[in-house]
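Heads up, the thing below is written out as structure tokens.
Keep in mind the model is a prediction, meaning the values are calculated, not measured. Basis for what follows: all heavy atoms, side chains included, without hydrogens, waters or symmetry-related copies.
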Amino acid sequence: MTPSSPREDAALAACLLAVDPAGLGGAVLRARPGVERDRWLGLLQSLLPSGTALRRLPPGVADDALLGGLDLTATLATGRPVQRAGLLEASADGVLVMPMAERLTRPTAARLNAGQERHGYAMLALDEGLDEDEAPPPALLDRLAFCPDLAEPPAPAPHDAGAIAAARARLPGVDSPEPIIEAILATAMAAGILSLRAPALALRAARAAAALGGRDAPSADDAALAVRLVLGPRATVLPELPPEQEAPPPPPEEPDAQRPDDATDPAQRGQMEDLVQEAREVPLPAQLLASLAAATLRLRAPSSGRTGAERISLKRGRPVGSRPGEPRNGARIALLDTLRAAAPWQRLRPAPPRARVAVRREDFRIRRFREHSESTAIFVVDASGSAALHRLAEAKGAVEMLLAECYARRDRVGVIAFRGAAAEMLLAPTHSLVRAKRALAGLPGGGASPLASGLDAALAMARLEKRAGRTPLIVALTDGRANMARDGSSGRAAAEADALAVAKLLRAEGHAVLIVDTAPRPQPFATTLAAEAGGRALVLPQARAEVLAGAVRQVMAA
């Protein structure tokens, strides 16, 4: 395979997409607005047929504008329902450009995908997210063939508009040989790609490359180009060739028997095997190694987000449509939706005295919003035993590191310590770094370990936070040696039973829980406790503050 630069690959991706826009689905451009992105878009537009519609998807577009619906003005003027086309229908056989694609919701992505199958447009997702966790919905990305590297402006197109038009006319007659299909599928498996749509898009890219080259079927170079452009950015593992092993001797055959693969030319099979090996050596994206390394600490918390859980509200947040209802208790009326609901019935209703539209109670629609709640990290610190001072120092460092990000993330932090016979709330949930330092500075260590009491206090605080509309995350730092029961009696068996009972309550109420085992040697009870709570266990014999803070951030951002 001839080496190529990212600039050349970006230009080749634009050429292939211009040959088969609907078949290849489109591209995702992960770049901030700038010269690089504008030049790629201009390059693609210059290669598309003249008159191809390029329409932009407005951020937060409503369903009626996207899918079409009742034309309210024409309906009120004529007295009968008049339908109007939506943006998806208007983009038929064209290109739909989606700015800020990282903010698209999953329902909107599903409507875009369904519209693409029906109307045959290509999609360009402009991903302007700053962080790795800001990305368009996976269901949308799965349908977009290319993800060009736009760190630099793309190179000039290797084909002009005339060659693209000739390739577009030649494309329906390009064949798909079985060896090429097998080679692409083998490469996708080696790269850890589970989606079947990805190798299908790679095959279409290989056919488009063959059409550009004037060939009736893709060559090995065409397939390698498709693998590099389509499968490379989707790779999730580092492909490795299996060690060479001596093949076992073949079983004896009848003289007239014919093996199933005799129909394939041995030279062609060898060429396809070389293609698989060559494709496995394709340079992978630079961020792949970092994402694979970070996967070892990636945890997941149910219904938690970067700024807390999403929920539907009737008062504030991002508009997400409307529903039938009356504008009471702070709910806002959706005026246009209310008029649309009333318009079809005007001929059947008596005209009001001084109004043009007869609106009844069943016509009322109220607006719905989606808002993010704040997240609250509740630290439950085991202050018992001789190693308590070390654990408290690490907890203090982790709390300080998390509070430094609270202004940007809107997170809150609370601290509970347990030692002796009971638990104590050192710090109510707050954003204040100064209060957190003061609360942890004077905490003494030593005594018994009432783990159940500490979890009880964390459960009570989590209930209050959830009732206030925030998303709690409980982080318990303990050595797993509970020895004080709820009733104040000593004994490890009773203490562990009480702790497991509280853990079951945490799981039943759906709270996110992270158990940090700080013992010098991992304790089985800490893992059992995390399993009963429906959370995760993190073994940190030396609970360094930066590691703990990173783990908590992974849970809150999952």
Side-chain angles (χ1 to χ4, degrees), residues 1-20 23-31 36-37 40 43-44 122-125 127 132 135-136 138 140-155 158 180-210 212 218-241 272-295:
M1 189 189 327
T2 304
S4 61
S5 66
R7 297 179 66 245
E8 294 172 341
D9 281 350
L12 284 171
C15 292
L16 297 180
L17 185 57
V19 172
D20 189 10
L24 292 171
V28 53
L29 308 182
R30 186 169 177 81
E36 296 81 3
R37 195 179 77 179
W40 194 92
L43 176 63
L44 175 64
M123 295 185 288
L124 298 180
D127 183 2
E132 290 297 329
L140 180 68
L141 296 180
D142 193 37
R143 292 175 176 264
L144 308 181
F146 302 117
C147 182
D149 186 350
L150 298 182
E152 300 178 9
I180 292 290
I181 298 176
E182 293 175 1
I184 291 177
L185 289 173
T187 305
M189 293 178 61
I193 300 174
L194 302 180
S195 171
L196 291 178
R197 197 180 299 274
L201 291 174
L203 179 61
R204 294 199 72 112
R207 294 178 64 240
L212 272 174
S219 64
D221 288 340
D222 296 331
L225 173 64
V227 165
R228 185 170 74 244
L229 297 182
V230 179
L231 301 186
R234 289 173 161 83
T236 60
V237 298
L238 297 177
E240 294 182 1
L241 286 175
M272 291 303 104
E273 292 174 0
D274 292 341
L275 171 61
V276 174
Q277 178 175 357
E278 193 176 54
R280 288 177 175 177
E281 296 172 355
V282 168
L284 297 176
Q287 67 270 20
L288 177 61
L289 290 177
S291 63
L292 293 178

ask   = Is there a donor-acceptor pair under 3.5 Å between the side chain of R207 and the backbone N or O of L203?
value = no
request  = Report yes or no: does R228 contribute a side-chain atom to a donor-acceptor pair with the main-chain N or O of A223 at less than 3.5 Å?
outcome  = no
To the nearest 0.5 Å, how far apart are [atom1] in [X] and [atom2] in [Y]?
| X | Y | atom1 | atom2 | answer |
| --- | --- | --- | --- | --- |
| E152 | E36 | CD | CD | 8.5 Å |
| L185 | I181 | CG | CD1 | 7.5 Å |
| R234 | S195 | CZ | OG | 7.0 Å |
| R204 | D20 | CZ | CG | 4.5 Å |
| C15 | L43 | SG | CG | 6.0 Å |

Taking the side chain as everything from C-beta on, heavy atoms only, tell me whether [X] gets closer than 4.5 Å to [Y].
| X | Y | answer |
| --- | --- | --- |
| D142 | L201 | no |
| L124 | L17 | yes |
| D149 | D9 | no |
| P154 | P148 | no |

Nearest heavy-atom pair of [X] and [Y]: which atoms, and what distance?
| X | Y | value |
| --- | --- | --- |
| D222 | A209 | OD1-CB, 3.7 Å |
| L231 | P199 | CD2-N, 4.1 Å |
| A205 | L24 | N-CD2, 3.6 Å |
| L144 | A125 | CD1-CB, 3.8 Å |
| T187 | A183 | OG1-O, 2.8 Å |
| L150 | A10 | CD2-CB, 4.4 Å |

Residues F146, L16; criterion side chain to side chain contact (heavy atoms under 4.5 Å, CB included); working and verdict = CA-CA 10 Å; F146 302 117; L16 297 180; 3.9 Å; yes
task = Just do the side chain to side chain contact (heavy atoms under 4.5 Å, CB included) check on L141 and D127 with the steps written out, would you?
result = CA-CA 11 Å; L141 296 180; D127 183 2; over 6 Å; no
